[in-house]
S.K.: 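The following block contains the structure, expressed as structure tokens.
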Amino acid sequence: MIRSAVLVLAGLILAAEPAFPGGIAPSDKRSGLAEMGPELQAMQRDDTAHPGMLWVQDGADLWARAPTGGAPACSGCHGEARASMRGVAARYPAWDARNGRPIDLQDRINLCRRTHQHVEPLAYESADLLGLTAFVATQSRGMPIAPPEDPRLAPARREGRALFEARMGQLGLSCAICHDDHWGRHLGAAAIPQGHPTGYPLYRLEWQGMGSLQRRLRNCMSGMRAEPYPFGAPDYIALELYLAERAAPLPVETPALRP
Amino acid sequence: MRVRRPAALRLLALASAAAASATRAEEIALPLRPVAVVGDAIPASLTEEAGDPARGRAIVLDRTRGLCLLCHPGPFPEERFQGNLAPDLTGVGARLSEGQLRLRIVDGRLLNPQTIMPSYYSLAGRLRVAAAWQGRPILAAREIEDVVTFLTGLRDPAPGDRTAPVMRPAP
């Protein structure tokens with residue numbers, strides 16, 4: 001009796017879950033690119049007009065430059081990024097077996113620096129880390145975001161979803177309230193996008209510069225009057241994992257351009 | 001709708017009288033005054049002095065204080081870029097009583113836990129509040145009364161809206 005009641009209850013709970021992550025139907029799913037006016041879309045699509053390409057070019061230089069101390073450059077092991085890095089950004093964050101935790105692309109780059117190049121990690125939001133990450137991610141441009149079906153990532157991805165839906169800060173808002181439930185509407189002057197991280201690191205006109213997804217998440221948390229997590233916190237990786245699943249299979253746009 | 005009885009006088013915090021001369025920074029850092037929910041309203045003012053509609057209007061239009069127009073459109077044609085996440089404030093004073101307005105601003109989640117409306121005068125259930133805002137309501141008691149007084153006066157229907165304003169009966 002109790003058991004059947006529990007089963008019925010479980011059935012009801014399952015039925016109440018939206019069919020898709022975030023409740024956005026595949027046919028409705030779209031990048032923030034689609035929300036922009038034709039001029040900004042054209043700027044993103046034209047590499048010669050896109051200010052983010054300056055960072056990508058710097059990243060290309062870093063890729064080929066060997067650090068002092070005799071260790072190889074990125075290209076010394078990986079060769080032509082065009083071939084070896086194609087598709088990598090589309091599947092990050094990924095599981096790092098050596099450390100037993102999920103990592104994002106910028107963490108991957110810094111781990112590589114430490115392990116194989118024996119140099120200090122690049123600081124979060126530094127031009128070098130943004131440039132190198134953008135250069136690597138640009139090699140996946142146009143490929144569908146394809147999160148790995150690695151069961152070791154599942155707990156962090158669930159945690160990311162819980163964080164996405166958690167009300168926080170003095171205003172008691174959540175990511176989901178705007179980006180799942182009210183995308184397409186206006187918060188003051190701003191059209192609310194679905195919040196898919198298709199093009200990070202990206203160039204934001206508001207920043208007059210390049211920034212990571214973590215920087216963007218911190219902006220939203222400050223807007224909710226919540227205490228942002230420190231850069232590199234596992235909470236961000238969890239959110240990035242959930243957001244990648246939620247965004248798939250939209251194409252990678254790095255470097256995207258946004259207002 | 002489940003409504004807490006006055007027996008459960010929602011003592012959101014212990015009372016503390018604010019000196020009339022207190023600055024906003026001082027006032028907003030004070031412990032919250034007690035709030036008595038009756039039905040779907042808070043009939044009693046939070047302050048001894050009456051709210052000031054001109055100050056209330058300034059708060060409603062200020063996107064870093066009242067924040068209202070980020071989500072609500074309203075009868076303010078001079079204000080550009082009003083949000084559209086929440087009901088239009090046009091005629092809200094005819095739709096809701098003063099006490100109903102006060103409860104919806106103080107803590108609308110008492111009526112609808114799913115509402116996206118921030119609770120302007122409650123510290124309940126908060127997570128990860130940034131240091132600058134910890135322990136502080138979004139608006140001070142005096143500001144709540146200013147806003148309530150201003151919104152109560154927004155009684156004109158939208159232009160072209162010929163339906164008579166209807167008072168929602170208390171449940």
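So that the names make sense, note that chain A is the first sequence line, chain B the second, and so on, each numbered from 1.
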S.K.: Heavy-atom cut-off 4.5 Å, strictly under: side chain, backbone, both or neither for B:R80 against chain A?
M.R.: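 B:R80 has no heavy atom closer than 4.5 Å to chain A.
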
S.K.: Using non-hydrogen atoms and a 4.5 Å limit, figure out which bit of B:I138 sits close to chain A: side chain, backbone, both or neither.
M.R.: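 Both parts, backbone and side chain.
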
S.K.: Looking only at heavy atoms, what is the nearest atom pair of B:V129 and A:G169, with distance?
M.R.: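 Heavy-atom minimum between the residues: CG2-C, 3.8 Å.
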
S.K.: Taking A:H186's backbone N and O only, do any of them form a donor-acceptor pair with B:N84's side chain (distance below 3.5 Å, no angle check)?
M.R.: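 Here the side-chain-to-backbone pair exists.
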
S.K.: Say whether, by atom type as modelled, one donor and one acceptor occur between the side chain of A:Q170 and the main chain of B:P137 under 3.5 angstrom.
M.R.: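 Flag set: sc A:Q170 to bb B:P137 pair under 3.5 Å.
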
S.K.: Could you look at B:Q114 and say if it's the side chain, the backbone, both or neither that has a heavy atom under 4.5 Å from chain A?
M.R.: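 B:Q114 touches chain A through backbone heavy atoms alone.
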
S.K.: Taking atom CD of B:Q82 and atom CG of A:L187, what is their separation to the nearest 0.5 Å?
M.R.: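 B:Q82 CD to A:L187 CG: 13.0 Å, rounded to 0.5 Å.
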
S.K.: Taking all heavy atoms of A:R167 and all of B:L127, pick out the closest pair and write down the distance.
M.R.: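 Distance-wise, the nearest heavy atoms are O-CD1, 3.7 Å.
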
S.K.: If you count the non-hydrogen atoms of other residues, nucleotides and ligands that lie under 6.0 Å from CZ in A:R152, is the total more than 12?
M.R.: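 Enclosed: over 12 neighbouring heavy atoms sit under 6.0 Å from CZ of A:R152.
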
S.K.: Could you state the interatomic distance from OH (B:Y120) to CG (A:L171), rounded to the nearest 0.5 Å?
M.R.: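 So the gap between those two atoms works out to 7.0 Å.
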
S.K.: Taking B:R128 for the side chain and A:E227 for the main chain, is one N or O donor matched with an acceptor at less than 3.5 Å?
M.R.: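 Judged by distance alone, yes, a pair lies under 3.5 Å.
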
S.K.: Hey, does B:L85 have a side-chain heavy atom less than 4.5 Å from the side chain of A:I177?
M.R.: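 Of all side-chain heavy-atom pairs linking B:L85 with A:I177, none is under 4.5 Å.
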
S.K.: Would you mind checking which part of A:M224 comes under 4.5 Å of any heavy atom in chain B, side chain (CB onward), backbone (N, CA, C, O), both or neither?
M.R.: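 Nothing of A:M224, per the 4.5 Å heavy-atom cut-off to chain B.
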
S.K.: Quick one: CD1 on B:I116 to OG on A:S174, what's the gap to the nearest 0.5 Å?
M.R.: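 Rounded to the nearest 0.5 Å, the CD1-OG separation comes to 9.5 Å.
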
